[in-house]
Amino acid sequence: MCGRINIDARRLTDYLTDLFACELAVADDANLSPTQSLAVLRGGADGQISAAEMRWWLTPHWAKAPTTEYSMFNAKAETAATSPAFRRPYRRQRCVIPVSGYYEWQRDDNGKQPFYIYHADRPALFLAGLWDAWSASSGNAVAGSRDSSGKAQSTAAGSAAIQAACSDKTTNMQERRRQTAGADRPLDETQPMPPGVTQTPRQSELWSDVSEAQSEHQQQSDLLQPLLSCTLLTTAAHPSMARIHHRQPVFLTEHEAQQWLTPNITTESLQPLLASRLPHGLNLRPVSTYVNNARQKGPRCLQPIGEERKLTG
DNA sequence: CCAGACGTTGTT
DNA sequence: GTCTGG
DNA sequence: CCAGACGTTGTT
DNA sequence: GTCTGG
């Protein structure tokens, strides 16, 4: 399957400019991991393909918060059409994730051996994905929101603001704070209030806890742009790939990528693209476990430690 | 995906 | 948002 | 009706 | 074992 990615910014952007005339804003990262930002391709009604920056961990539009409670960086192609989290994206919000290559770990008795998988003579692999847009007001149960129209897409591709949203933490540990705040309070509650303030100390504490819990995400999304996020589709491994791992990403050719991004195409006609196929010319390169740690971002992640193999598509 | 934490009190 | 389980 | 899940991989 | 962070 697919949990780590290599982005060679220069090669990738040049290639995509040539191919789809779209501008990709990416930075070098030889070890990009789930919850980080990715540039993905989306299709417009006019057939034009454009890029958008998204968090690699799909947050459904109805989610209460953009947590990592569920594994959403991959979606099984076999069930994407029906799963609650993915079916709407599958119908209307497909994307293609262009990568320079990705990593796969082979498990054996000795442990885990990482491999770098890339195209021998092209600068990119096209991986099929899905995306969604989330904002606190659509997912959170905010009083007074009557947004039942079911269409909350963001058409404006404000990637800078989204980048800010994606790069921040999204944790909730208010539970503990609430408890300690109450427990430490002396029995005598009476305290002098500033003029004009009518709240008791206890109320104001509760208030700050609640507003903390809510504003945590509103700062990221409501005040900025909706959070755009994406996931990579996986399928059963092609026999040639199965030697390494029993799952693999859904690979698309450039032409298939165009199909995949066609807005109103029937999902039925896309079915064949989800099969266990490999592009012709994949290379399999054993690399060091240096890549295991997602903080290592440099080219040493890509360095071969043995013979490369060709995968027969 | 893998690595690393997993806890509290008190002090600055 | 939508479905399943109680 | 309301509450709670909604996901993947891998391992046994 | 399980969750969070990268």
Side-chain angles (χ1 to χ4, degrees), chain A residues 1-7 29-38 55-93 99 101-109 111-117 127 129-130 132-135 137-142 145-153 166-173 175-177 179-180 183-184 229-237 242 244-250 287-298 301:
Chain A
M1 42 91 62
C2 200
R4 298 290 179 86
I5 284 171
N6 174 35
I7 299 294
D29 191 341
N31 196 4
L32 195 147
S33 58
T35 69
Q36 294 194 280
S37 287
L38 268 177
R55 183 183 199 234
W56 181 16
W57 196 294
L58 190 142
T59 298
H61 65 99
W62 41 257
K64 288 185 184 125
T67 67
T68 56
E69 187 179 355
Y70 302 100
S71 283
M72 299 292 223
F73 63 100
N74 282 161
K76 297 184 77 167
E78 297 92 327
T79 52
T82 52
S83 101
F86 300 133
R87 64 191 160 195
R88 191 181 87 151
Y90 180 67
R91 273 184 269 122
R92 292 197 282 274
Q93 292 160 190
V99 303
Y102 74 100
Y103 300 93
E104 195 76 78
W105 278 260
Q106 180 180 40
R107 301 175 119 92
D108 56 28
D109 304 329
K112 291 173 288 193
Q113 171 61 49
F115 289 90
Y116 178 59
I117 298 162
L127 308 182
L130 309 172
D132 207 347
W134 178 90
S135 58
S137 48
S138 70
N140 230 342
V142 169
S145 89
R146 68 205 59 162
D147 231 302
S148 56
S149 59
K151 38 170 285 185
Q153 264 78 316
C166 292
S167 62
D168 265 314
K169 313 296 162 73
T170 56
T171 51
N172 24 316
M173 39 26 151
E175 202 57 37
R176 216 169 50 76
R177 305 170 123 272
Q179 286 170 0
T180 55
D184 292 342
S229 61
C230 64
T231 190
L232 284 177
L233 288 168
T234 66
T235 189
I244 303 307
H245 201 75
H246 72 112
R247 303 289 295 173
Q248 67 168 53
V250 170
V287 295
S288 121
T289 54
Y290 178 78
V291 75
N292 287 14
N293 191 327
R295 297 178 192 197
Q296 307 298 346
K297 298 301 192 181
C301 295

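Order of the sequence lines fixes the chain letters, A, B, ..., with proteins taken first and strands second; residue numbering starts at 1 for each chain.
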Given the [atom1] atoms of [N] and [M], what is the spacing between them in whole Å?
N	M	atom1	result
C/dT2	D/dG7	P	15 Å
D/dA5	B/dT8	P	25 Å
E/dC3	D/dC6	P	13 Å

Any chance you could measure A/Tyr70, atom OH, to A/Leu58, atom CG, to the nearest 0.5 Å? 14.5 Å
Interatomic distance, [X] [atom1] vs [N] [atom2] [rounded to whole Å]:
X	N	atom1	atom2	result
A/Leu32	B/dC1	CG	C1'	11 Å
A/Lys112	B/dC2	NZ	P	5 Å
A/Lys64	D/dA3	NZ	P	10 Å
A/Asn292	B/dC2	CG	P	7 Å
A/Phe86	C/dT2	CZ	P	17 Å
A/Asn6	B/dC1	CG	P	19 Å
A/Gln248	D/dT9	CD	P	11 Å
A/Glu69	D/dA5	CD	P	8 Å

Detail all sub-3.5 Å separations between protein N/O atoms and N/O atoms belonging to nucleotides 3-6 of chain C.
none

Sequence neighbours left out, what passes side-chain hydrogen bond (donor to acceptor under 3.5 Å, both in side chains) with A/Glu78? Give chain and number order. A/Arg247
Taking only side-chain nitrogens and oxygens of [X], does any of them come within less than 4.0 Å of OP1 or OP2 of [N]?
X	N	result
A/Thr231	D/dG7	no
A/Lys76	D/dC6	no
A/Asn293	B/dC2	no

I need the single residue from A/Arg4, A/Arg295, A/Lys297 that forms a side-chain hydrogen bond (donor to acceptor under 3.5 Å, both in side chains) with A/Asn31. Which is it? A/Arg4
A/Trp134 side-chain N/O to A/Ala63 backbone N/O, donor-acceptor pair under 3.5 Å: yes
Please check: side-chain N/O of A/Gln296 versus main-chain N/O of A/Asn293, any donor-acceptor pairing under 3.5 Å? no
What I'd like to find out is whether the side chain of A/Pro34 reaches to under 4.5 Å of the side chain of A/Trp57, using heavy atoms alone. yes
Between C/dG1 and A/Trp62, is there a base-stacking contact, meaning the centre of the base's six-membered ring lies under 5.5 Å from the residue's ring centre while the planes stay under 30° apart? yes
NA contact type, A/Arg295, heavy-atom cut-off 4.0 Å: base, sugar-phosphate, or nothing? sugar-phosphate
When we call it a touch if two heavy atoms are under 4.0 Å apart, what does A/Thr289 touch: a base, just sugar-phosphate, or nothing? nothing
What does the 5'-to-3' dot-bracket notation of DNA chain E look like when only Watson-Crick and G-U wobble pairs under 3.5 Å count, and pairs to other strands show as |? ||||||
In terms of ring plane angle, is the pair A/Trp56 and A/Phe73 parallel, tilted or perpendicular, where the classes change at 30° and 60°? perpendicular
Is there a side-chain contact (heavy atoms from CB on, under 4.5 Å) between A/Trp105 and A/Asn292 once you walk through the steps? CA-CA 9 Å; A/Trp105 278 260; A/Asn292 287 14; 2.8 Å; yes
Could you check A/Gln248 against A/Ile117 for side-chain contact (heavy atoms from CB on, under 4.5 Å), going step by step and ending with a plain yes or no? CA-CA 11 Å; A/Gln248 67 168 53; A/Ile117 298 162; over 6 Å; no
Under the side-chain contact (heavy atoms from CB on, under 4.5 Å) rule, what do A/Leu32 and A/Val99 come out as? Steps first, then yes or no, please. CA-CA 10 Å; A/Leu32 195 147; A/Val99 303; over 6 Å; no
